[in-house]
Amino acid sequence: FVNLRFNKPGQVVKVLRFLFLVFLLNIIRYVVGGPLEAWILMEPMHAMMPKYPEVFDTQFSNIDFAISLGYNFMFWLVAAWMYHLAHSAIKGHHVVKSLKIFGLMGLFFISVAAVYMNHYTAEIKTFYLYSMLDAVILFPLVGLANGLLYPRIMTDGEAVETVDSANKHGPSDEF
């Protein structure tokens, strides 16, 4: 599936570059996405949490926050990895390809939220609807950032792919 044996020169550097990319995507998610979330949906989304303490953890500790940062990092790592594996098989500029792939990941996230939402009362379903709106905000934002940053961070001094050269080789499964 993915060659992580690091048997070629430069593979470790590429993995470190990729992790740096994911770190930057997480920074953008919080620095740009956080204020957008706060402005658009956090107040109504979190308003119901104190009403249902048996469902929601309203005592969010520092450990909970660290765990949240960790799984968010993994979340965007998976989306960026999907882009890394699939971008050469998709037509378009890096930004367009990234929006396509991150859009698909966002659709998957929304679908999972809808499945879980179906198991709760109307009040709790509202939380999931806001979670879906959150995905509509964040996936394009982080996808755009990925499309702009990926070719600058992940290319090794070679020319950034153009629309014409983007599909001359199959999907890359190596770092």
Side-chain angles (χ1 to χ4, degrees), residues 1-6 11-87 98-99 101-121 123-154 173 175:
F1 178 67
V2 176
N3 181 2
L4 290 177
R5 285 178 281 228
F6 307 118
Q11 280 184 311
V12 172
V13 172
K14 250 190 169 167
V15 168
L16 293 174
R17 283 183 183 180
F18 180 75
L19 291 174
F20 177 66
L21 169 68
V22 174
F23 175 76
L24 290 177
L25 294 178
N26 276 273
I27 295 293
I28 291 165
R29 180 264 177 264
Y30 286 106
V31 171
V32 179
L36 285 171
E37 290 172 308
W39 178 57
I40 296 171
L41 58 88
M42 281 304 165
E43 186 178 326
M45 182 180 191
H46 290 180
M48 69 190 59
M49 293 174 81
K51 297 176 188 174
Y52 300 94
E54 66 279 1
V55 177
F56 295 105
D57 181 6
T58 57
Q59 305 299 317
F60 209 68
S61 70
N62 289 339
I63 292 172
D64 293 327
F65 182 70
I67 291 169
S68 176
L69 288 176
Y71 66 66
N72 269 282
F73 182 87
M74 293 305 296
F75 187 80
W76 297 116
L77 182 139
V78 168
W81 197 345
M82 293 298 297
Y83 177 81
H84 176 75
L85 293 174
H87 79 277
S98 187
L99 289 172
I101 293 169
F102 276 68
L104 186 60
M105 296 292 293
L107 184 59
F108 179 75
F109 176 88
I110 289 169
S111 299
V112 170
V115 168
Y116 281 108
M117 177 181 77
N118 192 44
H119 298 285
Y120 290 97
T121 62
E123 294 83 13
I124 306 299
K125 285 181 182 182
T126 303
F127 178 85
Y128 281 97
L129 289 172
Y130 280 114
S131 181
M132 292 176 202
L133 176 59
D134 195 21
V136 169
I137 294 167
L138 292 178
F139 277 92
L141 170 70
V142 179
L144 173 64
N146 182 71
L148 294 171
L149 293 172
Y150 183 92
R152 286 154 184 81
I153 293 172
M154 293 304 294
D173 66 349
F175 275 110

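In what follows, residues are counted from 1 in the order of the sequence shown. Because only heavy atoms are used, hydrogens play no part in the values below, and waters and symmetry mates are left out as well, while side chains stay in.
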Should Lys51 and Glu123 be marked as a side chain to side chain contact (heavy atoms under 4.5 Å, CB included) after you check the CA-CA gap, both sets of side-chain angles, and the distance that decides it?
-> CA-CA 10 Å; Lys51 297 176 188 174; Glu123 294 83 13; over 6 Å; no
Please lay out, stage by stage, how Ile63 and Ile67 fare under the test side chain to side chain contact (heavy atoms under 4.5 Å, CB included).
-> CA-CA 6 Å; Ile63 292 172; Ile67 291 169; 3.8 Å; yes
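- Note: Leu133 CG to Tyr128 OH = 16.0 Å, rounded to the nearest 0.5 Å.
- Here Asp64 contributes atom CG and Asp57 contributes atom CG; the two are 5.0 Å apart, rounded to the nearest 0.5 Å.
- Among Leu138, Asn146, Leu107, the one residue that satisfies the side-chain contact (heavy atoms from CB on, under 4.5 Å) test with Phe102 is Asn146.
- Here the closest non-hydrogen pair linking Leu24 and Leu149 is CB-CD1, 4.1 Å.
- Results of the side-chain contact (heavy atoms from CB on, under 4.5 Å) test with Met45 over Met42, Met48, Glu43 single out Met42 as the only residue that passes.
- The environment of Phe108 atom CZ is sparse: at most 12 non-hydrogen atoms of other residues, nucleotides or ligands sit within 6.0 angstrom.
- Atom CG of Asn62 is surrounded by 12 or fewer heavy atoms from other residues, nucleotides or ligands within 6.0 Å.
- Of the possible polar contacts, none joining the Ser98 side chain to the Leu144 backbone as a donor-acceptor pair under 3.5 Å is found.
- In this structure Met74 satisfies the side chain to side chain contact (heavy atoms under 4.5 Å, CB included) test together with Leu77, sequence neighbours excluded.
- Taking the six-membered ring wherever Trp is involved, the centroid distance between the rings of Trp76 and Phe139 falls below 6.0 Å.
- In this model, no donor atom of one side chain and acceptor atom of the other lie less than 3.5 Å apart for Asp134 and Ser131.
- In Tyr52, the OH atom is crowded: over 12 heavy atoms of neighbouring residues, nucleotides or ligands sit closer than 6.0 Å.
- Under the side-chain hydrogen bond (donor to acceptor under 3.5 Å, both in side chains) criterion, Ser111 pairs with no residue at all, not counting sequence neighbours.
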Evaluation steps, ring-ring contact (aromatic ring centres under 6.0 Å, His included), between Phe56 and Phe127 | CA-CA 10 Å; Phe56 295 105; Phe127 178 85; 4.8 Å; yes
side-chain hydrogen bond (donor to acceptor under 3.5 Å, both in side chains) evaluation trace for His84 with Tyr150 = CA-CA 9 Å; His84 176 75; Tyr150 183 92; 2.6 Å; yes
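- Checked against side-chain hydrogen bond (donor to acceptor under 3.5 Å, both in side chains), Tyr30 has the following partners two or more places apart in sequence or in another chain: Asn72.
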